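Here is the structure we will look at.
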Amino acid sequence: MHAEVDITSDNRLFGTNGIRGVVNQTLTPDVALKIAESIGTFFDEGEIIIGYDSRTSNTMLVKIISSGLAATGCNIHVGGLAPTPCIQHTARNRRLDGGVMITASHNPPQFNGIKVLGSDGVEISRQEEAEIEETFCTSKLNHVDWQKIGKKDMLSDAHEEYKKAIKRHIDCEIVERKRFRVVVDPVNGVGGLITPNLLKELGCQVTTINADIDGRFPSRPPEPRPENLQELSTIVKARQADLGVAFDGDADRAIFVDEKGEVQWGDRTFALIEEFLLETEQVKKIVTPISSSQIITDVAEKHGAEVILTKVGSTAVSHTMKKTKAKLGGEENGGVFYGPHQPVRDGAMTTALLLNVMARTQKKLSDVIKALPQYFLEKDTIKCPTELKSLILKKLTDEVRNENLTFDTIDGVKIRYPNASSILIRPSGTEPLYRFYAEAKTKDRASKLVRDYRRKLSKLMHA
Ligand code: MG
């Protein structure tokens, strides 16, 4: 592939979640235009929604990408500044042929990116991505006759329709009765555009922090990791709120803070939603990546439901849900996919579902979480040159096989030990490193697994 499009380290346009790059370094105006023309060629003069997050570079990229789509004969319907799940919902609701969401999700402000959506709002499959990559590389662009250049219109009411769609899946009455106090931290992004109003309509007393739209993300990094959510914790405690919610940059992921100000990682809140839906909606299948906690399996087994494991990445979860007709999916990073609404991760839907859980159980969030099985998670990384990644994975898998350990290779290698401890070792899709996710019933055991496998990997790399 041409050197200038080296947007991901493995020389593909698309990474784990769409196309990402540093604006004006890898994601330059000319690269963005050609990507848009390739996407437009793929959609074959279709009807396309375009949405974007709060990043400063969108003043430039929205125009460039719209031009590329119009040049290839696509009609553009502007969904505007909105959360990714709102644009996804609108693509399907308005029966469009597809969509383009301009966002780099949780990445720092110098990044931007492109998520390509199918007619059902789900990000396109790997095979379809390959088609766009092929068009990009061969430059076989569908530059249409001047009379066929795409038209543009503005979509109104998309926010309202999306909000209404979420409320249809919630027992609004029992939530309204509770008059929950909720603090929302949308990290100066699009998450502040809809959820605060949705929550007010659900009877909540809402406080927002970091709600001004500002694409530099001055308040905190856009990834809702515990170390970035101290302000939210403090305000939840000060306001004596029942719940705090933090979004990532495009509001498809939601991480929650309980009434004590404790950040609860996505596995736990997903397990609560899972348990609630297993009890109330006879959900039979749960789709989750191999990196998820054992809690998800424990809860499913208790209710006789099946867990379907996928590769890491939201697109794998969405497509597996579609294929298996599963109603629910979830990721450890705060992504919850509620199929009856849409099989994509959706921060506002997740927040509404969690409030429904809290209203139904009549308990504080920290208490319902305490009742879940307790596991300790340790994460770490080790540097590994991209060109060595697959060789190291093969060596590691051979070693694990020779030791007669229980393992699977859905994504990287996950080794399971007795007493529900496990470690997943997988090469990063975007960076020159390996990631470790160890889980066990004690912190010591999880840390030891990480230490042991760090040593093993380092030895394999230097052998
Ligand atoms: Mg995101």
Side-chain angles (χ1 to χ4, degrees), residues 8 14-21 23 27 49-55 57-58 61 79 81-91 99-117 121-124 162 166 184-195 210 213-215 217 219-226 228-229 232 245-256 265-267 269-270 288-289 291-292 312-319 329-338 341-351 428-431:
T8 65
F14 289 85
T16 317
N17 280 110
I19 298 165
R20 300 274 167 92
V23 175
L27 194 56
I49 187 170
I50 184 162
Y52 43 91
D53 71 9
S54 67
R55 284 164 201 273
S57 54
N58 277 334
L61 283 175
L81 198 59
T84 297
C86 173
I87 296 299
Q88 294 177 297
H89 175 264
T90 311
V100 173
M101 178 71 195
I102 312 173
T103 176
S105 190
H106 64 272
N107 287 143
Q110 65 273 28
F111 283 79
N112 212 329
I114 300 164
K115 292 181 179 181
V116 183
L117 316 173
V122 174
E123 279 178 72
I124 57 169
Y162 167 68
I166 291 173
V184 182
D185 174 0
V187 64
N188 305 103
V190 289
L193 297 175
I194 299 169
T195 302
N210 311 321
I213 292 284
D214 189 333
F217 305 123
S219 56
R220 65 164 171 88
E223 166 115 61
R225 299 194 54 73
N228 299 334
L229 306 182
L232 178 62
V245 54
F247 294 122
D248 71 330
D250 64 332
D252 56 352
R253 286 166 50 195
I255 290 289
F256 298 95
W265 194 237
D267 277 326
T269 46
F270 173 45
T288 197
S291 52
S292 285
V312 174
S314 69
T315 320
V317 175
S318 290
H319 284 275
E331 298 175 305
E332 50 88 35
N333 61 14
V336 174
F337 310 58
Y338 180 57
H341 169 55
Q342 50 178 355
V344 300
R345 54 188 182 188
D346 186 328
M349 184 74 241
T350 308
T351 309
S428 161
T430 47
E431 292 166 82

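Everything quoted here is computed from the prediction, not taken from an experiment. Just so you know, ligand 1 is whichever comes first in the structure, and atom 1 is the first atom listed for that ligand. Heads up: numbering here begins at 1 and tracks the sequence.
Note on D252: its N/O/S atom closest to the Mg ion (ligand 1) is OD1. Within D250, the N/O/S atom positioned nearest the Mg ion (ligand 1) carries the name OD1. Note on D248: its N/O/S atom closest to the Mg ion (ligand 1) is OD2.
Look at D252 and K115 and you find a salt bridge, because one of the NZ, NE, NH1 or NH2 atoms lies within 4.0 Å of a carboxylate O, short of that distance.
Looking at W265 and I255, their side chains come closer than 4.5 Å, going by heavy atoms from C-beta outward.
Residue contacts to the Mg ion (ligand 1): S105 brings an N, O or S atom closer than 2.8 Å.
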Legend entry - Verdict with supporting geometry, R253 and E223, salt bridge (Lys or Arg N to Asp or Glu O under 4.0 Å): CA-CA 9 Å; R253 286 166 50 195; E223 166 115 61; 2.8 Å; yes
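A parallel orientation is assigned to the rings of H341 and H89, their planes being inclined by less than 30° (bins at 30° and 60°).
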